[in-house]
Amino acid sequence: DTGVSQDPRHKITKRGQNVTFRCDPISEHNRLYWYRQTLGQGPEFLTYFQNEAQLEKSRLLSDRFSAERPKGSFSTLEIQRTEQGDSAMYLCASSLASSEAFFGQGTRLTVV
Amino acid sequence: RKEVEQDPGPFNVPEGATVAFNCTYSNSASQSFFWYRQDCRKEPKLLMSVYSSGNEDGRFTAQLNRASQYISLLIRDSKLSDSATYLCVVIPTGTYKYIFGTGTRLKVLA
């Protein structure tokens with residue numbers, strides 16, 4: 001399978017714990033995106049990378065959220081001190097230049 | 001005002017019907033436009049890009065109206081398998097950020 005891969009697919013965590021998600025993009029894609037989606041809403045932009053550089057970060061993203069793409073390949077999204085409001089589907093996507101973005105199957109986070 | 005707005009629906013239509021969705025965007029300098037399809041509890045998948053001259057792919061036609069800042073999607077001869085949420089996506093000029101609308105739910109009824 002050469003699509004975008006996300007791990008884990010599901011995560012249940014207690015409030016206050018830290019969680020980390022991983023995304024492996026399509027291999028030749030230089031752009032990588034993180035989105036968050038809640039029920040009944042479209043995906044909400046969090047951040048994106050071009051190669052290893054983080055070019056834009058949403059103002060909605062609090063300091064508890066951090067993303068990295070250390071070698072311009074896979075990326076991680078960490079949420080510190082999780083809150084119930086962080087419960088959502090976290091989607092990763094990748095693209096090549098200005099072509100369409102391909103999404104992974106997402107990581108569903110539940111904070112209890 | 002949201003950057004990209006869509007009627008959330010649902011649109012309930014019988015099989016074989018023609019249905020159209022509109023999406024408006026606020027940034028007049030937007031450069032690229034797409035329609036994505038999302039099935040329940042699945043990831044969004046590209047349905048089609050939207051070009052200035054309009055484009056067609058089988059039963060699906062997409063159009064862009066830059067003057068009025070909206071894009072449209074027309075589905076002819078609806079199939080049960082067309083039931084999904086259709087997401088409008090806009091990329092503003094000067095960024096590579098994909099801005100999604102809330103999506104329009106379509107239910108095609110037998």
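These numbers come from the heavy atoms of this one structure, side chains and all, not from hydrogens, waters or symmetry mates. Per chain, numbering begins at 1; letters A, B, ... match sequence-line order.
- There is no contact between A:Glu44 and chain B, counting heavy-atom distances below 4.5 Å.
- Surrounding NZ of A:Lys57 are more than 12 heavy atoms belonging to other residues, nucleotides or ligands, all under 6.0 Å away.
- Heavy atoms of other residues, nucleotides or ligands lying less than 6.0 angstrom from CZ of A:Arg15 number 12 at most.
- Between the CE atom in A:Met89 and the CZ atom in B:Arg41 there is a gap of 7.0 Å [rounded to 0.5 Å].
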Would A:Gln37 and B:Gln38 count as a side chain to side chain donor-acceptor pair (under 3.5 Å) here? Give the steps.
CA-CA 12 Å; A:Gln37 188 175 26; B:Gln38 187 171 28; 2.9 Å; yes

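- No continuous path of hydrophobic side-chain contacts links B:Phe11 to B:Leu87 [ILVMFWY only; heavy atoms under 4.5 Å].
- Only the side chain of A:Tyr33 has a heavy atom closer than 4.5 Å to any heavy atom of chain B.
- A:Glu56 touches chain B through its side chain: at least one heavy atom from C-beta onward sits under 4.5 Å away, while N, CA, C and O do not.
- Residues A:Val19 and A:Val112 are members of separate hydrophobic clusters, defined by side-chain heavy-atom contacts under 4.5 angstrom among Ile, Leu, Val, Met, Phe, Trp and Tyr.
- Rounding to the nearest 0.5 Å places CD of A:Glu100 at 6.5 Å from CZ of B:Phe34.
- The backbone N or O of A:Pro43 sits nowhere less than 3.5 Å from a side-chain atom of B:Tyr98 that would complete a donor-acceptor pair.
- Counting non-hydrogen atoms of other residues, nucleotides and ligands closer than 6.0 Å to CD1 of A:Ile12 gives a total of 12 or fewer.
- Taking hydrophobic clusters as Ile, Leu, Val, Met, Phe, Trp and Tyr residues chained together by side-chain heavy-atom distances below 4.5 Å, B:Leu64 shares a cluster with B:Val4.
- In terms of non-hydrogen atom pairs under 4.5 Å with chain A, the most contact-rich of B:Cys88, B:Pro44, B:Gly101 is B:Pro44.
- A:Tyr48 approaches B:Lys97 most closely through the heavy-atom pair CE2-N, 4.4 Å.
- Under a cut-off of 6.0 angstrom, the local environment of CD in A:Glu52 is crowded, with over 12 non-hydrogen atoms contributed by other residues, nucleotides or ligands.
- Residue-environment remark: CG (A:Leu39) stays at or below the threshold of 12 foreign heavy atoms within 6.0 Å.
- In this structure, A:Tyr35 has its ring center at least 6.0 angstrom away from the ring center of B:Tyr36.
- To the nearest 0.5 Å, the span separating CG on B:Leu46 from OG on A:Ser95 amounts to 11.5 Å.
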